[in-house]
There are 2 protein chains.
Amino acid sequence: MATQNPDTPADAPRIDPLTLEVVELIGAVVARYYEEYDVAAGKHALTGAQARVLGLLSLEPMPMRRIAQKLKCEPSNVTGIVDRLEARGLVERRPDPADRRVKLAAPTEEGLSTARSLRESLDFAREPLAELSHTERESLRGLLRRMLGT
Amino acid sequence: MATQNPDTPADAPRIDPLTLEVVELIGAVVARYYEEYDVAAGKHALTGAQARVLGLLSLEPMPMRRIAQKLKCEPSNVTGIVDRLEARGLVERRPDPADRRVKLAAPTEEGLSTARSLRESLDFAREPLAELSHTERESLRGLLRRMLGT
DNA sequence: TATTGTTATACTCTATAACTATA
DNA sequence: TATAGTTATAGAGTATAACAATA
């Protein structure tokens with residue numbers, strides 16, 4: 001074992017400074033991502049959870065159960081989130097002809113256009129990435145893919 | 001203007017496929033980051049907000065007001081979060097000799113060791129990055145810095 | 001019996017507004 | 001009067017448990 005500076009916590013030496021900095025940068029990206037997402041949702045007077053569900057449904061209507069799986073939360077929570085979206089006229093519940101237990105949540109016309117507008121106001125897609133050239137984006141894509149084990 | 005596939009929404013053409021994929025990859029990183037953070041916090045029976053505050057204080061004790069600034073939330077919320085950490089014996093409130101209005105929140109010994117353990121269980125720092133070579137990490141660092149305008 | 005969605009309950013986080021004790 | 005922290009209140013998200021309708 002190497003001699004440690006007494007100021008250095010016991011767990012610190014296991015991560016080299018470069019890795020630590022990359023982790024901090026990823027943390028900054030995550031923080032910025034969430035911030036921009038909430039701002040975009042707020043512009044439409046939606047909470048983060050509501051915006052996420054609306055975004056999901058704008059791709060494809062689905063049973064309440066599946067929304068919960070996508071959100072990684074309990075199905076009982078989805079009831080309230082969809083209730084609020086439905087009260088605002090952005091989403092509606094339809095019966096599933098194949099199984100009368102199931103309710104399919106689907107966006108209304110207004111819900112669809114809100115979801116589209118939400119996607120557009122997600123500046124995160126353009127602004128930070130605008131700094132990078134095409135080649136750099138390819139490089140970033142490759143590194144992120146490897147990180148995620150894709 | 002280029003001819004569009006009728007299946008393509010009106011907002012899609014503004015982002016090229018490469019950028020879109022990078023954005024999706026960043027979204028995946030963000031999701032994974034949050035997941036691992038919550039799992040790590042949960043191992044210590046802490047909520048995300050509590051873990052974040054404890055992590056902050058483990059670096060440096062600070063006034064309630066400043067915690068709110070760091071968390072980007074209202075000061076009134078910090079009262080409750082610190083209350084719960086204090087009830088668990090992980091944090092304590094100390095008077096500020098310089099200004100009797102101020103209360104300094106500081107981790108206890110147990111709080112410090114919990115914070116250390118929390119940091120260690122944040123596998124995100126090591127596992128995904130372990131896939132990348134030193135050179136690749138340097139490259140990733142550069143790209144992230146440019147993205148964030150650092 | 002098992003599954004889908006809901007309700008009831010309790011806890012945490014959040015913002016707003018009003019309060020207290022200092023400055 | 002201005003500031004730091006708190007309290008009170010209300011809304012939203014979360015998990016757990018129990019329930020009705022349907023499979």
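Since we're looking at a predicted model, the values are computed, not measured. Reckoned from all heavy atoms, side chains included, excluding hydrogens, waters and symmetry mates. Here is how names work: the chains are called A, B, and so on, in the same order as the sequence lines, proteins then strands, and each is numbered from 1.
- Under 4.0 angstrom from either OP1 or OP2 of D/dT6 there lies at least one side-chain N or O belonging to B/Lys103.
- Taking atom CG on B/Asp83 and atom C1' on D/dT6, their separation rounds to 9 Å, with Å as the unit.
- The hydrophobic cluster containing B/Val91, built from Ile/Leu/Val/Met/Phe/Trp/Tyr side-chain heavy atoms closer than 4.5 Å, also comprises B/Leu46, B/Val53, B/Leu54, B/Leu56, B/Leu57, B/Met62, B/Met64, B/Ile67, B/Leu71, B/Val78, B/Ile81, B/Val82, B/Leu85, B/Leu90, B/Leu118.
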Under 4.0 Å protein heavy-atom contacts per nucleotide of nucleotides 15-23 of chain C, with B for base, S for backbone only and - for none: BBB----BS
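- Put simply, CD1 on A/Ile81 is 12 Å from P on C/dT6, counting in whole angstrom units.
- The interatomic distance linking B/Leu85 (CG) with C/dT12 (P) rounds to 11 Å, in whole Å.
- Under the rule for a side-chain hydrogen bond (donor to acceptor under 3.5 Å, both in side chains), the partners of B/Glu138 that lie at least two apart in sequence or sit in another chain are B/His134.
- In terms of the side-chain contact (heavy atoms from CB on, under 4.5 Å) criterion, residue partners of A/Ser113 (sequence neighbours excluded) are, by chain and number, A/Arg116.
- Checked against side-chain hydrogen bond (donor to acceptor under 3.5 Å, both in side chains), A/Arg88 has no partners two or more places apart in sequence or in another chain.
- Clustering ILVMFWY residues whenever any of their side-chain heavy atoms sit less than 4.5 angstrom apart, transitively, puts B/Val30 in the very cluster that holds A/Leu148.
- Annotation: side-chain hydrogen bond (donor to acceptor under 3.5 Å, both in side chains) contacts of B/Glu35 (sequence neighbours excluded): A/Lys72.
- C/dG5 atom P lies 16 Å from atom CD of A/Glu92, rounded to whole Å.
- Listed by residue number, there are no residues of residues 44-53 of chain A with a heavy-atom contact under 4.0 Å to DNA chain C.
- Annotation: side-chain hydrogen bond (donor to acceptor under 3.5 Å, both in side chains) contacts of A/Asp99 (sequence neighbours excluded): A/Arg101.
- When the side-chain contact (heavy atoms from CB on, under 4.5 Å) test is applied to A/Ser117, the partners found at least two apart in sequence or on another chain are A/His44.
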Could you pull out the protein-nucleic contacts involving nucleotides 9-11 of chain C (nitrogen or oxygen on both sides, under 3.5 Å)?
none

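- The CG atom of A/Asp38 sits 13 Å away from the C1' atom of D/dA12 (whole-angstrom rounding).
- Note: CE (A/Met64) to P (D/dA20) measures 20 Å, nearest angstrom.
- The CD1-C1' distance, from A/Ile67 to C/dT6, rounds to 14 Å in whole Å.
- Remark: A/Asn77 pairs with A/Cys73, A/Glu74 by the side-chain contact (heavy atoms from CB on, under 4.5 Å) rule, at least two apart or across chains.
- In this structure, CZ of A/Arg65 is placed 9 Å from P of C/dT3, rounded to the nearest angstrom.
- With sequence neighbours excluded, the residues satisfying side-chain contact (heavy atoms from CB on, under 4.5 Å) with B/Ser133 are B/Thr135, B/Glu136.
- Taking side-chain N and O atoms only, A/Arg93 has a distance below 4.0 Å to OP1 or OP2 of C/dT6.
- Contact check on A/Glu60 versus A/Lys70 returns no salt bridge, with no Lys/Arg side-chain nitrogen under 4.0 Å from an Asp/Glu carboxylate oxygen.
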